[in-house]
Amino acid sequence: ERAEPRPHPELVPAPSIKSPRKSSSKPYIFIFLIVMAIASLTLFVVYRNSVKAQATIDLKDSLDQLPGLMEGGDWVAARNQLETTVRAMEILGRPELEVAPYRQQLRETTAMTALVSQPISELLNQADTAATRGTEALQDFQYTVRGQYLFIQGTAVRYVGDAKGRVQHRISLPVAVGKRELPAAIMLQSRDLARALNSQEEGEVILAVKIDAIEPAPNEWEIRTEPESVILWSSPRTFAGLGFSEEEA
């Protein structure tokens with residue numbers, strides 16, 4: 001006899017196990033970011049106040065020392081104190097009208113402490129001698145003088161010197177360079193100088209300027225200068241510090 005088939009047992013689905021709902025961490029992150037922002041702002045304010053407090057002290061000290069240094073002709077120390085003065089005034093947000101005289105004195109003392117040690121005529125003759133030895137010797141000479149300042153009194157003549165039509169000036173020098181006794185000129189590109197001379201074709205100037213290169217040109221030597229490096233002299237005290245008499249200053 002055939003056995004009766006057994007019925008399949010009823011399959012009961014296992015109860016689902018739900019994972020516990022994770023609590024949202026977004027509010028905590030938001031609170032953390034707010035706390036960090038407040039802490040950063042507080043640290044910035046504290047740091048800024050400490051910088052201003054130090055700038056106030058530095059400014060007073062530098063202004064106390066400056067007159068004695070300038071009267072005594074200690075121009076390197078005066079330049080350093082002027083750097084401190086200008087930096088402190090900028091940090092304290094002093095108006096430009098108040099900062100400008102110290103900024104100008106800083107530019108003048110910077111030039112005074114970086115002037116070339118030779119007269120211009122000697123400098124040009126050294127360049128001419130180097131050129132006779134070849135391009136490499138002239139480049140070596142250029143390296144030794146580049147970045148130093150020249151102090152000039154002379155007549156600046158306006159001319160347009162390049163294809164872009166930029167206004168430039170040149171100052172002819174009363175020298176004769178080398179065996180060929182070539183003339184020489186200083187080439188200037190300066191918005192300050194152009195404004196000072198306005199639309200005049202020429203004008204008498206007293207200035208310092210930073211050397212970029214001393215190069216032979218057709219039938220003359222040219223002292224090329226860094227663009228916008230002209231310092232128009234304005235202080236009788238620093239002028240006298242260059243060796244001029246008080247009457248000349």
*asked:* Any non-hydrogen side-chain atom of Leu188 less than 4.5 Å from a side-chain atom of Ile171?
replied: yes
*Non-hydrogen side-chain atoms of Ile223 and Leu173 separated by less than 4.5 Å*: yes
With no hydrogens and no angle check, just 3.5 Å: does a side-chain donor-acceptor pair link [X] and [Y]?
X	Y	answer
Glu202	Thr155	no
Gln65	Asp61	no
Thr113	Arg79	yes

*If you link ILVMFWY side chains whenever their heavy atoms are less than 4.5 Å apart, which other residues fall into the same cluster as Met112? By chain and number, please.*
Leu59, Leu63, Leu66, Met70, Trp75, Leu82, Val86, Met89, Leu92, Val99, Tyr102, Leu106, Leu115, Tyr149, Phe151, Ile206, Ile231, Trp233, Phe239, Leu242, Phe244
Should we count [atom1] of [X] as having more than 12 external heavy atoms under 6.0 Å?
X	atom1	answer
Glu98	CD	yes
Arg191	CZ	no
Glu246	CD	no

*For the side chain of Asp128 and the backbone of Leu124, is there at least one donor-acceptor N/O pair under 3.5 Å apart?*
no
*Can you tell me if Glu220 uses its side chain to pair, donor with acceptor, with the backbone of Ala217 under 3.5 Å?*
no
Report the residues that fulfil side chain to side chain contact (heavy atoms under 4.5 Å, CB included) with [X], sequence neighbours left out, ordered by chain and then residue number.
X	answer
Thr144	Phe141
Ile38	Ile34, Thr42
Ser235	Glu108, Arg237, Thr238
Asp140	Glu136

In Å, rounded to the nearest 0.5 Å, how long is the span from [atom1] of [X] to [atom2] of [Y]?
X	Y	atom1	atom2	value
Glu71	Leu69	CD	CG	10.5 Å
Thr135	Gln139	OG1	CD	6.5 Å
Gln148	Arg146	CD	CZ	11.5 Å

*Flag the pair Glu215 and Arg224 as a salt bridge only when some basic side-chain nitrogen lies within less than 4.0 angstrom of an acidic carboxylate oxygen.*
yes
*Keeping to residues at least two apart or across chains, list the salt bridge (Lys or Arg N to Asp or Glu O under 4.0 Å) pairs with something in residues 82-93.*
Glu90-Arg103
